[in-house]
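In what follows, every heavy atom counts, from backbone to side chain, and hydrogens, waters and symmetry copies are set aside.
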Amino acid sequence: MARLSVKGAALLTTSLLSGVASAVEYLSINGSNFVVDATSKRFDLIGITYQPGGSSGFSSTADPLSDPDSCLRDAIMMQQLGVNTVRVYNLDADLDHDQCASIFNAAGIYMLLDVNSGLYGQYIDRSDPSSTYTLDYMEHIFSIVEAFWNYPNLLGFFAGNEIINEDSDESVPMYIRAIVRDLKEYIALHAPRSIGVGYSAADVADMLTDTWAYLGCELDNSTYSKMDFFGLNDYEWCGDSSYTESGYDTLVTDFAGTDIPVFFSEYGCNNVRPRTFTNVPVLYGDEMAELSGGLVYEYSEETSGYGVIAINSSTEITLLQDYNYLQQQLASIDVSARTELNSTAESAAATSCAASLISESSFLANWDLPDRPSGGDDLVTSGLGSSVTVSVGSLVSVTATTMPATVYNYTGAEVTGLALVSLGCADVNYPGLIATYTASDETCTYATSTAGAASSSDSAAGPRFTGGNDAGVVAMMAALLSGVVAGVMLL
């Protein structure tokens, strides 16, 4: 796909949205909330991380968003799970992502993307950041931005993942902040719309709040370098824990009064298997209302043992017990209680950068950000040249909706009747519900989405998804009409 000019990209986006149905609305940031532009309703991440095959599954010829059959298979199961956001770590800007991005868009699922990858020259070396902050590196991260900026279901970019930790060089925070600066300025100058840039932090006790303070404060001489949102990779809640035992109460205290969205960019301790995800009602409950949800780690079962689905082959998957428990817990979320903006956080003032914000003596306490590498200023101002290959994405029609794989639940029973439900109604996916759009009267109806999962007991359940014809739809529609959930579902 040829490179487009900024003007051309903006025109293409407009024309596409008039000809290809977009299931999701654009999101923006208002104080500590992600907000649906069309409704000004708060949006919480109900998500999962997505990197089939782990780091070894990524190469210059394949990434998680380049195989349409795999994306269709997995989007169907995520839709049934109740996911509205997927995080992807390793991407290649040369590949065509149109079909996968469009499949997730049709399913009502946003994409939160990392700009770095595990390939040399495409990440910042935490032990020697200056050696990897190069012009080639800047070209790589800008190419990822350009490849995805046209998709309406792009939520934002992570400038880094756990680069600041016990093993990192003291100067690493200034390089992370410089990358945030570069990305935000590039987006402001060239992208067809505003897109947020954040950081995903390791939960290191003596560094977490300092990382937050360093990246989240405001500099007078660097307006772009403040992160737009903050992700926390948290694994404290293991088994049947509690709000206080897990330390969630401390996190709420640490991030009280935040002026940007804070959420779990990874969660799901696997010290006890199967995982019952009893933290979900707490994470999305009143006590943690100031946080914007989170993403379970992770979709596919890899060697580290965090998956909810086992990918046996390209045409066969097995739902693990973790999938069933997660589906049940997500379905318990009171989405309507989370859609109103937090007015206190909305008006919270940004904190000015100062050494007094940093509590640990070993953590960097100055904000003299590094200059860009030679040629970097021109790259930011002028944009990527023709020498850099980027497949600039755009939505395409999603015609294939049938599950392309055989699916088994954890008892070995085959799950049938699975298909992608293309929302097409400017909406997002919801736990426990799937929206179906009726073009004749431009309405959405909602059916239960507990497809084929066995219950948490050992009995094997047959497929429960009936394409919107089960009795639960009657009760759901009555609730919609009565206004109990209408404010949430009919955005």
Flag, side chain of [X] to backbone of [Y], donor-acceptor distance under 3.5 Å:
| X | Y | value |
| --- | --- | --- |
| Y284 | D44 | no |
| R273 | G305 | yes |
| D98 | L395 | no |
| S265 | L232 | yes |
| S292 | P261 | no |
| D228 | V197 | yes |
| T258 | I260 | yes |
| R181 | Y175 | no |

For [X] and [Y], test the side chains for any donor-to-acceptor distance below 3.5 angstrom and give the result as yes or no.
| X | Y | value |
| --- | --- | --- |
| T318 | N312 | yes |
| N84 | Y430 | no |
| T244 | D249 | no |
| S225 | R177 | yes |
| Y89 | D114 | no |
| E414 | T416 | no |

Are any of the side-chain heavy atoms of [X] and [Y] separated by less than 4.5 Å?
| X | Y | value |
| --- | --- | --- |
| V145 | I187 | yes |
| W237 | C269 | no |
| F363 | P173 | yes |
| F264 | L251 | yes |
| I48 | L295 | no |
| W212 | F255 | yes |
| P431 | V335 | yes |
| I163 | S168 | no |

Report the C-alpha separation of S359 and D210 in whole Å, then their side-chain angles, then the decisive distance to 0.1 Å, and conclude whether the side-chain hydrogen bond (donor to acceptor under 3.5 Å, both in side chains) test is met.
CA-CA 7 Å; S359 60; D210 284 346; 3.0 Å; yes
Rounded distance (nearest 0.5 Å) linking atom [atom1] of [X] with atom [atom2] of [Y]:
| X | Y | atom1 | atom2 | answer |
| --- | --- | --- | --- | --- |
| I109 | I46 | CD1 | CD1 | 11.5 Å |
| K226 | K184 | NZ | NZ | 7.5 Å |
| C100 | D63 | SG | CG | 8.0 Å |
| T211 | E162 | OG1 | CD | 10.5 Å |
| L91 | S66 | CG | OG | 9.0 Å |
| R73 | S314 | CZ | OG | 7.0 Å |

Hey, mind stepping through S200 and R87 against side-chain hydrogen bond (donor to acceptor under 3.5 Å, both in side chains) and telling me if it holds?
CA-CA 11 Å; S200 178; R87 177 184 180 182; 3.1 Å; yes
Test Y248 against Y243 for ring-ring contact (aromatic ring centres under 6.0 Å, His included), laying out the working first.
CA-CA 5 Å; Y248 278 15; Y243 177 65; 7.1 Å; no
Got more than 12 heavy atoms from elsewhere within 6.0 Å of CD, Q99?
no
Under the salt bridge (charged side-chain N to carboxylate O under 4.0 Å, His left out) rule, collect the residues that match up with R275, sequence neighbours excluded.
D322
The criterion is salt bridge (charged side-chain N to carboxylate O under 4.0 Å, His left out); which residues satisfy it with R126, sequence neighbours excluded?
none
Atom of H97, atom of Y151 and distance for their closest heavy-atom approach
C-OH, 3.3 Å
Closest non-hydrogen atom pair, E316 against A405
N-CB, 3.9 Å
Over 60° means perpendicular and under 30° means parallel, so classify the ring planes of F158 and F263, tilted if in between.
tilted
Tell me, please, which residues at least two apart from Q329 pass side chain to side chain donor-acceptor pair (under 3.5 Å).
none
Hey, mind stepping through F229 and Y199 against ring-ring contact (aromatic ring centres under 6.0 Å, His included) and telling me if it holds?
CA-CA 7 Å; F229 52 80; Y199 178 73; over 10 Å; no
With side-chain contact (heavy atoms from CB on, under 4.5 Å) as the test, pick out the partner of F148 among V88, I195, L65, N153.
L65
Can S241 and S246 be said to form a side-chain hydrogen bond (donor to acceptor under 3.5 Å, both in side chains), step by step?
CA-CA 6 Å; S241 189; S246 66; 4.6 Å; no
Any chance you could lay out the side-chain hydrogen bond (donor to acceptor under 3.5 Å, both in side chains) test for S28 and D37, step after step, and finish with the verdict?
CA-CA 6 Å; S28 58; D37 285 357; 2.6 Å; yes
Under the criterion ring-ring contact (aromatic ring centres under 6.0 Å, His included), which of F43, Y26, F104 is the partner of Y110?
F43
Criterion side-chain hydrogen bond (donor to acceptor under 3.5 Å, both in side chains) against N233, the qualifying member of T49, D203, N161:
N161
Show your working on side chain to side chain contact (heavy atoms under 4.5 Å, CB included) between Y323 and M77 and close with a plain yes or no.
CA-CA 9 Å; Y323 180 98; M77 299 319 304; 3.4 Å; yes
In sequence, state the C-alpha distance, the side-chain angles, and the governing distance for F277 and Y325, and then conclude on ring-ring contact (aromatic ring centres under 6.0 Å, His included).
CA-CA 7 Å; F277 295 102; Y325 282 114; 8.2 Å; no
Begin from the C-alpha positions of N116 and Q122 and carry the test side chain to side chain contact (heavy atoms under 4.5 Å, CB included) through to its verdict.
CA-CA 5 Å; N116 300 290; Q122 299 182 5; 6.0 Å; no
